[in-house]
Structure formats: C-alpha cells, structure tokens
A.B. asks: 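Supplied in structure tokens, the structure appears directly below.
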Amino acid sequence: MSPHAPVRRRIRRPVAAGVPLAVAVALMAAGTAAGAPSGSGAAHVTRTATLGDIPLGAFSNALLPGSVDNDRGVDLGGIGSDIYPAGRKGEYWTITDRGPNGQIKVSGTKRRTFPVPGFDPAIVKVRVSGDALKVLEAIPITTSSGKGVTGLPNQQGRDEAPYSYDAQTPLSYNPNGLDTEGIVRAGDGSFWLVDEYGPSLVHVSARGKVLTRYVPKGLRLTGADYPVVEALPAVLLHRKINRGFEGLAQLPGGDLVMALQSPLSLPNGDAGNASLNTRLLRFSTKKKAVTAEYAYRFDPVNVVDPGEDDTSELKISSVVAVGGDRLLVEERTDKAARLQLVELERKSSILGGPYDDDTTSPSLEQLDDPAAAGVPVLAKKLVVDLGTVSGVPQKIEGVARVDHDTLALINDNDFGMTDGAGAFDAQGRLVDSGIETTLVYLKLPHRI
C-alpha cells in the first residue's frame, strides 16, 4: 500500500485519524497506447490513471459513521458509473453505483446479493495525478433526515429481492434506496443524478441531501424520507429490471437529457430483449417536467460488439453534451462500446404520442423499422469505436468532454466483484477480480 491521505467530506465532519483512505500510485502498463504519436490519425489513449486500494468500510464510515460493520474485504470501486468535469483541469465528479452487488443461482433461480448492505451511494471528486486517480472529496447521498439512502431495492414485486453476500438470507427493501448512475452538476452547486430503480431523476443538494426524486406517474413509491414527485411518463414503469436510466447530460441552457439504458419491456420482456429501440427524455429543470422524448435506435449487437449475438446485451451507459443540442451517446456491451453523435430536434419528439401508451400495438419496441412506421428516429454519426482503441478498459460507463478533441473515459469495475458463489471465500471475504477503476484520456482525430 502507498502512503495514505484523508478524504474530505463535503459536510465538514472530521475524518478520524488513521483512516486508510488513499490512492495508490500505479501504472496501467498492459494495453495502454500512451506512446501513440501526437499527430496520429486514429483515436488513441494519451494517459491512464488508476484508483488505488481504499477499504470500503473505512471510506463509508468516514462519511456516515457506523454505516458499514463488515466490508468483506471490498475496496472502493464502482465510481465509474459516470464522470463530469469539476472545473479545474484534471478534476472530475464521479458517482458510485448502488454498491457491491452480484448474482448467485440458488435452486435454478438467480438471486441479487448485497454483500455490504449498509453502503451508501456517494458522489466522489477525483483528480488525475500522474498515473494515479486520487480521491479529493466524497459526499454521501442522504435523506431529508440525514440518513444514508443505501443502494437497496425499493419495492417488493417490482425490484429484485435483495439477499446477503451468500444469497442465503433475505434483506429488507428500502424505499429510499437509489441505484445511482449518471451525474451532472448544476450552476448553483447542486447535483442531478439518475437512478435505475424508478427509473428516476434525482436532484440533490451540494451536500448530498435528496431534494426531490422524480419518478414515473403511477409508481406509487411510499415511505421515502424525501420528496417523491410523479413527473415522468408512465410508460417508463415498463423498464427492464436493472436497466432504468443510466446516462445523463446537461445541455447548455440547463435542460437535462436522460437515457433509458435498454428498450422497455413492451409488451413483454421478450419484446424488449429483442428490440433495438430505446428512448431519450429531455427534462426542463425550470418547469420540473419532461418536455421532449426521442426514439433512439441501436446498431445491431454484432456491429457494436463483433463477439456478441445477444441483442439484450446492448445498453446506453453515457450521454454527453457537446454543444447546442448535440450529444455523444455511448452504445455498449460489457466488452465493447461505440460513441455516436446525435442532435436533438424538437420536431422529432414522440412525447405524449401513441408510443407513450402501453396499450399501443405494435409498441415502439416491437418496430423493426420505426422510420417506416412514421416514427422519427434520431440520426447518428459514429465518432469512435472504442473496441478498436488499444488501452481503453472494458465496461466504460462514464464519458466526459475534456476539450474539442479529447474525452475522459472511466470504467465501472463493479467493486472488484464477480457473479457466482465463488465471489467470496469460505470466510466471506471478497475474491477480487483484479479489475481496477481506470480513467483514460482519449485523443480523437477530429474535433467534436
């Protein structure tokens, strides 16, 4: 372990002395393309930084004392769920996902495990320093009364049932729980996040307190210790499990764009799994309402990932504003990703139309050629195929624009967890996957 440096918490509580919150200086030697010539005509990696070992229990308890009694040997990870520039060169806001989780099959049925159920999703500010990714600050996501929201599922019957690390003991649902993904920072210092459970859009204060959670109409989420407003189209109630909102962008005027990770399960799961049609939604932070909805069509899965033939593996994990109403949209599987450039046009909105009615047949998700059916689909242009760029980690979930031809990319390392009963040893300690949280700078051959 390298020397330790404390992480400051936004809400100014002192961190106990000796808490090993540090970033190890490490070089990602394998597969980087740092040696690519500056004038190269192809996209290439110019810098790589990795996050060192920070025990998850120490990290969590420094933010919310007593929140984690046993981290089972898990280190801080998952901060690559999204990334947003923090203002100073090399500094970024990131967001963890809901915490360490996996799946174990019991009697033929997969169970969702939460090995560290007390973990609270956090906003983490990082700095690229040489070949290391250093934690500068961390902000816990809290309820109105100051308690951690946790990453536990909200509603029985709608969300997966939560279990202990070995999938043997049921855990309690929590209506406050958030599966946080995208992040942007508003001009007033507050943050906007998206969540997969609702799916929902979440406004939090500069200190991490949930101000409002916007959910689909008809969700009927009760018992939350913060304001819940049903302001999103009801059709989103048909989101696939674990495939709610994942990408979030902030347009120059302040509007937000939320990306549904995968096609809705309309009229059923089979239709959603086979579909190439998903949706982007535009939300006015002034009106506190959705003002537009767009149909987005994936490329075929074997185009995005030549080694994959399962269409349900396609996901949108990041959307990034790049000027005006233009966005970069990341289409990916867990092993490959491509960035597409799209422009949002008001005349392309399908908000309030027949495809927001879940009785419409065929549904948007069932259309093999939406344009032929009169549905406007966002035109897109390929910017870069990340699968062809040496040094880019797999499972990129966060993309930020650094300048006119450079992007910052960060992966989700899943807290070093894998699925299956072998994720933990006989003592209940993590068998780490060895995958590190890694940020890379990607130089593009053309301006965006």
Side-chain angles (χ1 to χ4, degrees), residues 1 4 7 15-16 18-24 26 50-81 96-122 124 135 138 140-141 147-154 156 159-174 176-180 196-197 241-242 334 395 411-437:
M1 294 279 292
H4 300 300
V7 172
V15 177
V19 173
L21 298 183
V23 179
T50 57
L51 181 69
D53 294 340
I54 301 174
L56 192 59
F59 173 85
S60 299
N61 291 327
L63 302 179
L64 294 173
S67 56
V68 171
D69 59 357
N70 183 355
D71 65 14
R72 300 195 177 279
V74 179
D75 289 327
L76 175 65
I79 68 170
S81 286
T96 71
D97 61 17
R98 56 183 165 176
N101 68 94
Q103 288 185 314
I104 295 177
K105 189 173 288 189
V106 177
S107 300
T109 301
K110 290 181 179 179
R111 292 180 174 180
R112 179 64 58 181
T113 63
F114 289 82
V116 190
F119 174 78
D120 187 52
V124 183
V135 173
I141 310 301
K147 297 180 180 179
V149 297
T150 79
L152 292 169
N154 300 156
Q156 185 174 2
D159 300 320
E160 291 174 298
Y163 283 86
S164 58
Y165 81 97
D166 57 1
Q168 297 302 307
T169 305
L171 302 175
S172 299
Y173 290 85
N174 185 349
N176 295 313
L178 295 173
D179 185 359
T180 46
E196 294 209 58
Y197 286 140
I241 288 178
N242 292 330
D334 280 352
K395 205 178 180 187
N411 69 323
D412 176 9
N413 80 326
D414 292 320
F415 293 83
M417 273 195 65
T418 56
D419 286 336
F424 293 86
D425 63 20
Q427 287 71 48
R429 306 290 289 176
L430 178 71
V431 178
D432 198 286
S433 68
I435 299 172
E436 304 290 347
T437 297

A.B. asks: Just one of Val116, Thr96, Asn70 clears the side-chain contact (heavy atoms from CB on, under 4.5 Å) bar with Leu56, so which one?
C.D. replies: Val116
A.B. asks: Let's go through Leu51 and Val135 carefully: what are the C-alpha distance in whole Å and the side-chain angles of both, what is the deciding distance for side chain to side chain contact (heavy atoms under 4.5 Å, CB included) to 0.1 Å, and is it a yes or a no?
C.D. replies: CA-CA 8 Å; Leu51 181 69; Val135 173; 3.9 Å; yes
A.B. asks: Measure the CG-CD1 distance between Asp419 and Ile104 for me, rounded to the nearest 0.5 Å.
C.D. replies: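 The CD1 atom of Ile104 is 8.5 Å from CG of Asp419, to the nearest 0.5 Å.
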A.B. asks: Is there a side-chain contact between Tyr173 and Leu152, using heavy atoms and a 4.5 Å cut-off?
C.D. replies: no
A.B. asks: Do Val124 and Ile79 have side-chain heavy atoms sitting under 4.5 Å apart?
C.D. replies: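 With C-beta onward as the side chain, the pair touches.
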A.B. asks: With side chain to side chain contact (heavy atoms under 4.5 Å, CB included) as the test, would you mind laying out the steps for Arg72 and Leu430 before giving the verdict?
C.D. replies: CA-CA 6 Å; Arg72 300 195 177 279; Leu430 178 71; 5.5 Å; no
A.B. asks: For residues Arg112 and Leu171, determine if any side-chain heavy atom of one lies less than 4.5 Å from a side-chain heavy atom of the other.
C.D. replies: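 No, too far: nothing below the 4.5 Å cut-off.
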A.B. asks: Counting C-beta onward and ignoring hydrogens, is there a side-chain heavy-atom pair between Leu178 and Arg98 closer than 4.5 Å?
C.D. replies: no
A.B. asks: Under a 4.5 Å cut-off applied to non-hydrogen side-chain atoms, are Asp120 and Val149 in contact?
C.D. replies: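 Answer yes - side chains close enough.
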A.B. asks: If the condition is ring-ring contact (aromatic ring centres under 6.0 Å, His included), which residues does Tyr163 pass it with, not counting sequence neighbours?
C.D. replies: none
A.B. asks: Salt bridge check, Asp414 against Lys395: does any charged N sit closer than 4.0 Å to a carboxylate O?
C.D. replies: yes
A.B. asks: Apply side chain to side chain contact (heavy atoms under 4.5 Å, CB included) to the pair Met417 and Val431, showing each step before the final yes or no.
C.D. replies: CA-CA 7 Å; Met417 273 195 65; Val431 178; over 6 Å; no
A.B. asks: Considering non-hydrogen atoms only, spot the tightest contact between Tyr197 and Gly151 and give its length.
C.D. replies: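 Shortest heavy-atom contact: OH-O, 2.7 Å.
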A.B. asks: Heavy atoms only: give me the nearest Gly177-Asn154 pair and the separation to one decimal.
C.D. replies: O-ND2, 2.8 Å
A.B. asks: Could you tell me the separation between the CG atom of Asp412 and the CG atom of Asp97, rounded to the nearest 0.5 Å?
C.D. replies: 5.0 Å
A.B. asks: Looking at CD1 of Ile435 and CG of Asn411, how far apart are the two atoms once the value is rounded to the nearest 0.5 Å?
C.D. replies: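 Going from the CD1 atom of Ile435 to the CG atom of Asn411 covers 8.0 Å.
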A.B. asks: Please find the pair of heavy atoms, one from Asp425 and one from Gln427, that lie closest to each other, and give the distance.
C.D. replies: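 Residues Asp425 and Gln427, closest heavy atoms: OD1-N, 2.9 Å.
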A.B. asks: Show the nearest heavy-atom pair for residues Gly78 and Thr437, with the distance to one decimal.
C.D. replies: N-OG1, 4.2 Å
A.B. asks: Among residues at least two apart in sequence or on other chains, which ones pass salt bridge (Lys or Arg N to Asp or Glu O under 4.0 Å) with Asp432?
C.D. replies: none
A.B. asks: Can you tell me how far the OG1 atom of Thr113 sits from the CD atom of Gln103, to the nearest 0.5 Å?
C.D. replies: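 It comes to 8.0 Å.
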A.B. asks: Nearest heavy-atom pair of Ser60 and Ser67: which atoms, and what distance?
C.D. replies: O-OG, 3.5 Å
A.B. asks: Would you say Glu436 and Asn413 are linked by a side-chain donor-acceptor pair, where the criterion is simply a distance under 3.5 Å?
C.D. replies: no
A.B. asks: With rounding to the nearest 0.5 angstrom, report the OG1 to CD distance, Thr180 to Glu196.
C.D. replies: 9.5 Å
A.B. asks: State, with a plain yes or no, whether a side-chain heavy atom of Phe424 is found less than 4.5 Å away from one of Arg429.
C.D. replies: no
A.B. asks: Rounded to the nearest 0.5 Å, what separation is found between the OG1 atom of Thr150 and the CG atom of Asn174?
C.D. replies: 4.0 Å
A.B. asks: Please identify each residue that fulfils ring-ring contact (aromatic ring centres under 6.0 Å, His included) with Phe415, with sequence neighbours left out.
C.D. replies: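 ring-ring contact (aromatic ring centres under 6.0 Å, His included) list for Phe415, sorted by chain: Phe119.
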A.B. asks: Specify the closest pair of heavy atoms between Pro100 and Pro115, including all atoms of both residues, with the distance to one decimal.
C.D. replies: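 Minimum heavy-atom separation between Pro100 and Pro115: O-CD, 3.2 Å.
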